[in-house]
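Values below: all heavy atoms of this structure, side chains included; hydrogens, waters and symmetry mates excluded. In this text, all values refer to a predicted model and were calculated from it rather than measured experimentally.
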Amino acid sequence: MTHKKPQRRLARTIRAIASWVVALVVFFPILWMLLTSFKSELDAFSMPPHFLFKPTLENYEQILARANYLHYAWNSIVTAGGATILGMIVALPAAYAFAYHPTKRTKDVLLWMLSTKMLPGVGVLVPIYLICRDLNLLDSKTALVVIFALINLPIMVWMIYTYFRDIPYDILEAARMDGASTWQTMFRVLIPVSRGGLASTALLCLILSWNEAFWSLNLTTTSAAPLTALVASFSSPEGLFWAKLSAVSTLACAPILVLGWLSQRQLVRGLTFGAVK
């Protein structure tokens, strides 16, 4: 036992160091973007990079003067939030049916839904663009909400289906024996029990919708353009202005990073739901 204690301490130390190294590698691009946003364009282009520089808010001032940041931020909130709500409304009953009322085709349907994520967006760009044009939905938040919800729906259904499968069916049977209907069983028993997993699914859909750029750039111009379109607008034929691009990227990432940091406990709880019985 005395020989095992030093080995365990060494193993814990190695795991802690490895965790910090991985965390720093993952966080370094965000830190570099943040630091570059406070540099002048000359300092941002300097080689080798300047780690000691005089910080400036000039980039943020020019961005806020050039574009209405709140307009783009509001569009991102509406489209990402609306897509998350719409996706949850559709994914919840679908996952419930797959988990508790399976058929011979359930696995085939689930695999087919997942296979749609392998289709590149550019492959269906023309038909979706024409549909939005004919329905007068170009440069509208409604189109983005529907499209974001649909492209994230397979992942949402799979995640919720996995969480529901970890809940014993006996709990639902007990609720039904007490006279609860299907909808009452879902909303009063199933959803409260799996709220951690549902929260993580909703947060993941929100992040994916917030970061979606392909459809935003191709289906919007100004009225419904989210923050991803604002970031792309700072890429000009004259070249990339790294300091300004880093500043606008920081402004675009900040809200979702803060949300992720505030909900990290719920996210981890949801991602590990069912792992420990």
Exercise. Do you know which two heavy atoms are closest between Val248 and Ile63, and how far apart they sit?
Worked result: N-CD1, 3.3 Å

Problem set entry | Minimum-distance pair of heavy atoms, taken over all atoms of Met88 and Leu198 | CE-O, 3.9 Å

Problem set entry | Any donor-acceptor N or O pair under 3.5 Å, side chains Ser223, Asp139 | no

Seminar exercise, completed: Between Leu110 and Trp158, the two heavy atoms sitting closest are O-NE1, 2.9 Å

Problem set entry | Centroid-centroid under 6.0 Å between Phe53 and Phe38 rings | no

Seminar exercise, completed: Applied to residues 66-87, the ring pair (Phe, Tyr, Trp, His ring centres under 6.0 Å) test, sequence neighbours excluded, yields none

Problem set entry | Separation between CD1 of Ile131 and CG of Leu138, rounded to the nearest 0.5 Å | 11.5 Å

For this session: Not counting sequence neighbours, list each pair that qualifies as a ring pair (Phe, Tyr, Trp, His ring centres under 6.0 Å) and has a residue in residues 9-30.
Result: Phe28-Trp32

Exercise. Strictly by modelled atom types, are Asn152 and Ser209 linked by a side-chain donor-acceptor pair under 3.5 Å?
Worked result: yes

For this session: Specify the closest pair of heavy atoms between Thr228 and Glu212, including all atoms of both residues, with the distance to one decimal.
Result: OG1-O, 3.2 Å

For this session: Mind running side chain to side chain donor-acceptor pair (under 3.5 Å) on Tyr161 and Arg165 for me, showing each step along the way?
Result: CA-CA 6 Å; Tyr161 167 77; Arg165 285 293 302 270; 2.6 Å; yes

Exercise. So which heavy atom on Ser37 is nearest to which on Tyr60, and how close?
Worked result: OG-OH, 2.7 Å

